[in-house]
Amino acid sequence: MEYNFQEIEQHWQEEWEKAQAYRVSNQSERKPFYVLDMFPYPSGAGLHVGHPLGYIASDIYSRYKRLQGFNVLHPMGFDAYGLPAEQYAIQTGQHPEKTTNQNIARYIEQLRKIGFCYDWNRMVRTCDPDFYHWTQWAFRKMFLSYYDETRQQARPIEELVALFEKEDPTWNTLSEKEQQERLMQYRIAYLSDTKVNWCPELGTVLANDEVSEGLSVRGGFPVEQRVMRQWSLRVSAYAARLLEGLDKIDWTESLKETQRNWIGRSEGAEMQFHIKGQDEPFTIFTTRADTVFGVTFMVLAPESEYVERVVTEEQRAEVEAYLDRCKHRTERERIADRRVTGVFTGSYAINPLTKNEIPIYISDYVLAGYGTGAIMAVPAHDSRDYAFARHFNLPIIPLIEGADVSEQSFDAKEGKMINSGFLNGMEVKDAIRAMKQHIEKEGIGRVKVNYRLRDAIFSRQRYWGEPFPVYYKDGMPYMLPEECLPLELPEVSDFKPTKDGQPPLGHAQYWAWNTETQQVVDKALIDEKTIFPLELCTMPGFAGSSAYYLRYMDNKNSDALVSPEANQYWRQVNLYIGGTEHATGHLIYSRFWNKFLFDMGVVCEDEPFSKLINQGMIQGRSNFVYRYIGEGSTGNLYISYNLIDNPEYKDKVQPIHVNVNIVHNDILDIDAFRNWMPEYKNAQFVYADGTTDVDNPYIGTPAEKQYICGWAVEKMSKSMFNVVNPDDVIAKYGADSLRLFEMFLGPLEMSKPWDTSGIDGVHRFLKKLWNMYEAPVEEEPTREELRSLHKLIKKITWDIENFSFNTSIPAFMIAQNELSALKCNKRAILKQFAILLAPYAPHIAEEMYHRCQDKPQTFVIDESWPVCNESYLEEDGVKYPVQFNGKMRFVLTLPKTMSKEEVEQVVLSNADTQKVLAGATPKRVIVVPGKIVNIVL
RNA sequence: GCCGCGAUGGUGGAAUCGGUAGACACGAAGGACUUAAAAUCCUUUGGCCAGAAAUGGCUGUGUGGGUUCAAGUCCCACUCGCGGUACCA
């Protein structure tokens, strides 16, 4: 009987569908368990084999939990808003919704083929009005809230208004606009003039995590700094909670560390420095309060508001020239060019301790957005200050004993203080503490904790995103009433920005708000009395992905994001699987978003994802052919990889990417290569054995003449011709083979190249396994068979619990081997084997299980996960997990030929053993044949 | 620069609490079946040495030290690779 995987897989996928086998209810006696994948952006290229890696892992875990009797929520959806669809729309004029829907359809089809146990009834798409209703709703709530620092939580803005009314007599004298402006400084979602990352190529602003090294993450276009009026979310208010929360969740240490760095807590002090000849001091932030005695100059950021105050008339022209230069430098240029630049302001500050006069400079190595945008410079103990001091010939005073500052600064926080007045002789750590106390006592500063985490810029000048539920009156934003949500994305005539530089929504004709009828109306009617313009920006990508996990709990609910009952039943995601690339984006924003909703009493858990596993990236494995470019080259001769280091070819070949789909195990399919592209039609080769068909084009058969390709690990991408599509793999080997193979590739968290050599192995295993199910019989299993099975139960259970999926496949293979050597075809054994295999290879497992039944019935749902009975394993305590409890151990060297019993005899009668045992009976004697004996007392 | 992760045969990798390193798979070599090929099955496969053979010995987990009866695993120092991040005072 042949293993017809196509028939089996199609059959069971249909059965599951028919039975609605994976539909999940919020009403269940079973314990809930929520397993989530990071939902994909449906790109036009479709899924490649790298995408399903994490999905397969979470599917295995879901199926396992389900078999253990949990009610498992395992949904899938789509992060449907995004730049590529919009760019494509601009190029082709196709509506992004159309292409997005096509892509989603393709994704669903591909995902279905892999046999996931998703409950598709719970699918969400961020671009559906039903979904973005709740994105807008949350934003609206953020606008209507402020962060109460003393209670450390978000509160309704009315409470702040009440507070102002009570405590600030000027409040009621303010105009409505002035009041609104004041409140804006507190709202969690707020509008402000911010310095933003502007990407001219994309025509939009970007969040900090969407920019890397001065280039946009998507597209790699240059990004410049620009001041614009933008929506932001006050994420920074949650910095302390976002940091503390990390201790309560089970994420990998590296990911938590990345978030800790991004949040960037630093304990230090704010200190006031007086300006010579002025009354008002200015404030700086430092983590090294101990180094005040070594301050030899001050530096302000170019954008600092202090600049205006300290510039003297003589220096004004020079300063303005410098500021101008800074403004026109792009972020990228600034990063690329690290030369020291700066300008003297003409003013001096007074060191509050030494009372020395120190010059104030401006330089762009000081950032406006961090601390107070001003620093005290201690060149001896800070490398950046050191470089600056050297450049401008400023004094450098060492403050730590033995620190040699003639060549470089001494940045380490260790050593004994010198030249530091009352701090002299102290260790650095003590000096920091002492100085903090001193400045608080003297009233020249205060202890302060700073965070690097910035507020998230929330406006995007794009079409394909969630519209803001916002209209403008007298230049101030107002929220649409809650019952008017969702505000649907309007149709536009053009997806590009308007001629006068407005975002694409500027093209929308029906994009004004009538506050009386509470409807969207033609913007030609705007009168600024009852009809007002609507916001033209849309929300960024992370808006839709920040609370989607909550929507899955209750995706059909039209009255709430999630009902309290549904939320209290599922509570939070128990297992979240996804890539590390979201560490500083999505995973920060959704934690923030969740904490806000927690403050609002909408959700009952303060952290959204209690456990998170990162799957590694699957890289491409590219193949190369080597074109001969030496003497007499026709540009048409390709040298086999094993020969390219031969003297006649060395340095005379050029590697060329070749489509990996026409290469099998690094052997080129010659005919396919000749047909691949016109330029290779008459390709000639020097084969692995050194023979060539140069003079005789079709010499030999491909079997005899092999062309070996070289290879390299690169990103999986079209241009490298190394994209492997899961559909092709499934067509050739089946979904079960694909699933097993993706897991077999290596540890889940590790990045690894996709290398198809080896998939034959798992496929062969399934075929062999299949043959064991030809004629299952109802017979008592032997002890040996049971042992083999229970070994497997123990192993597979351990593997799944520990996400060590890759080591399960060998265990299955070994068990199959053992059982087949025992000629086992007993139902009792085969049935259990099928259950164990079900999470990994569900289709074949269903079919196998089915064959073990008397009469047809559906499986998996009502059968439970087998439990290992250790008594079957005890027979030889040596081989299986040996516990060393560290009581007492010996080492004796013994001949290998001795039997276990003989060894025990010898060991126990050994004089040394007797001495140590002193009459006690050993609990256990562990023998490692030939070498080691452990006696556990 | 800083932070994190990693390095084991020809290849991917296994070794789960410090206990027989190289499981399992691929590849390779040889063999069986076959007119032939595919498919399938069997044997061998870290290196070196001895032996006709069974087998035995030595060596071996990036480098150098250390702890231990015992180290791929723990500690110290270093080299290389990957990922993240960066004038954050």
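Note: hydrogens, waters and symmetry copies are ignored here, and every other heavy atom, side chains too, is used. Labels below follow one simple rule: chain letters A, B, ... track the order of the sequence lines, proteins then strands, and each chain is numbered from 1.
Under the Watson-Crick or G-U wobble criterion, with both distances below 3.5 Å, B:rA70 is left unpaired in every strand shown. Across all strands shown, B:rA36 has no partner, as no Watson-Crick or G-U wobble contact with both distances under 3.5 Å is found. Across all strands shown, B:rG22 remains unpaired; no Watson-Crick or G-U wobble contact has both distances below 3.5 Å. Nucleotide B:rA52 forms no Watson-Crick or G-U wobble pair with any nucleotide shown, as no partner meets the under 3.5 Å limit on both distances. Figure legend. B:rU85 is base-paired to B:rG1; pairs are counted as Watson-Crick or G-U wobble with both atom distances under 3.5 Å. The base-pairing partner of B:rC17, taking Watson-Crick or G-U wobble contacts with both distances under 3.5 Å, does not exist among the strands shown. Nucleotide B:rA28 is matched to B:rU44 when pairs are restricted to Watson-Crick or G-U wobble geometry with both distances under 3.5 angstrom. Here B:rG62 sits opposite B:rC78 as a Watson-Crick or G-U wobble pair (both hydrogen-bonding atom distances under 3.5 Å).
A:Ile263 is not listed as a side-chain neighbour of A:Asn261, based on a closest heavy-atom distance of 4.5 Å or more. For the pair A:Trp754 and A:Gln619, the minimum side-chain heavy-atom distance is 4.5 Å or more. Looking at A:Lys752 and A:Leu53, their side chains come closer than 4.5 Å, going by heavy atoms from C-beta outward.
Put simply, A:Ser266 has a side-chain N or O that comes within less than 4.0 Å of OP1 or OP2 on B:rA89. A close approach under 4.0 Å does not occur between any side-chain nitrogen or oxygen of A:Arg260 and OP1 or OP2 of B:rC3. Side-chain N/O atoms of A:Tyr365 include none lying less than 4.0 angstrom from OP1 or OP2 on B:rA89.
Contacts of A:Asn817 classified as side-chain hydrogen bond (donor to acceptor under 3.5 Å, both in side chains), with partners at least two apart in sequence or in another chain: none.
Base contact: A:Val366 has a heavy atom under 4.0 Å from a base atom. The residue A:Lys256 sits apart from the nucleic acid: no heavy atom pair falls under 4.0 Å. Note on A:Arg454: a base of the nucleic acid sits closer than 4.0 angstrom, heavy atoms only. When heavy atoms are screened at a 4.0 angstrom cut-off, A:Ser363 is found touching no nucleic acid atom at all. Within 4.0 Å of A:Asn806, counting heavy atoms only, lie sugar-phosphate atoms of the nucleic acid but no base atom. Residue-level contact check: A:Ile814 touches the backbone only, with heavy atoms under 4.0 Å from sugar-phosphate atoms and none from bases.
Aromatic rings of A:Phe392 and A:Phe297 (six-membered ring for Trp) have centroids beyond the 6.0 Å cut-off, not under it. Proximity of the aromatic rings of A:Tyr840 and A:Phe812 is defined here by a centroid distance below 6.0 angstrom, and this criterion is met. Aromatic ring centres of A:His763 and A:Phe5: separated by under 6.0 Å. Taking the six-membered ring where the residue is Trp, the centroids of A:Phe282 and A:Tyr306 are separated by under 6.0 Å.
Residue A:Leu587 contributes atom CG, which lies 14 Å from atom C1' of B:rG84 at whole-angstrom precision. Rounded to whole Å, the distance from NZ on A:Lys768 to P on B:rA39 is 14 Å. For the pair A:Tyr840 OH and B:rC24 C1', the interatomic distance rounds to 14 Å; values are reported in whole Å. Between the CG atom of A:Asn802 and the C1' atom of B:rA15 there is a distance of 15 Å, rounded to whole Å. What separates CZ of A:Arg764 from P of B:rA39 is a distance of 8 Å, to the nearest Å. Atom CE in A:Met813 sits about 6 Å away from atom P in B:rA25, given to the nearest Å. Between the P atom of B:rC5 and the CD atom of A:Glu257 lies a distance of 9 Å, rounded to the nearest Å.
Classification of the A:Phe388-A:Tyr365 ring pair by plane angle, with boundaries at 30° and 60°, yields tilted.
With its glycosidic angle more than 90° from 0, B:rG46 is assigned anti. Syn is the conformation of B:rC17, whose glycosidic angle sits no further than 90° from 0.
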side-chain contact (heavy atoms from CB on, under 4.5 Å) assessment of A:Leu255 paired with A:Leu587: CA-CA 10 Å; A:Leu255 188 66; A:Leu587 288 173; 3.8 Å; yes
Residue pair A:Asn450, A:Ser266: steps toward the side chain to side chain donor-acceptor pair (under 3.5 Å) verdict: CA-CA 5 Å; A:Asn450 253 333; A:Ser266 63; 5.6 Å; no
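If you find the closest nucleotide of RNA chain B to A:Arg265 and to A:Ser804, the one lying nearer the 5' end belongs to A:Ser804.
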At a cut-off of 3.5 Å, list every protein nitrogen or oxygen paired with a nitrogen or oxygen from nucleotides 7-12 of chain B, distance to 0.1 Å.
| from | atom 1 | to | atom 2 | distance (Å) |
| --- | --- | --- | --- | --- |
| B:rG12 | O2' | A:Leu745 | O | 3.0 |

Short heteroatom pairs, N/O only, protein and nucleotides 79-83 of chain B, under 3.5 Å:
none

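Between B:rA29 and B:rA37, the two P atoms lie 15 Å apart (nearest whole Å).
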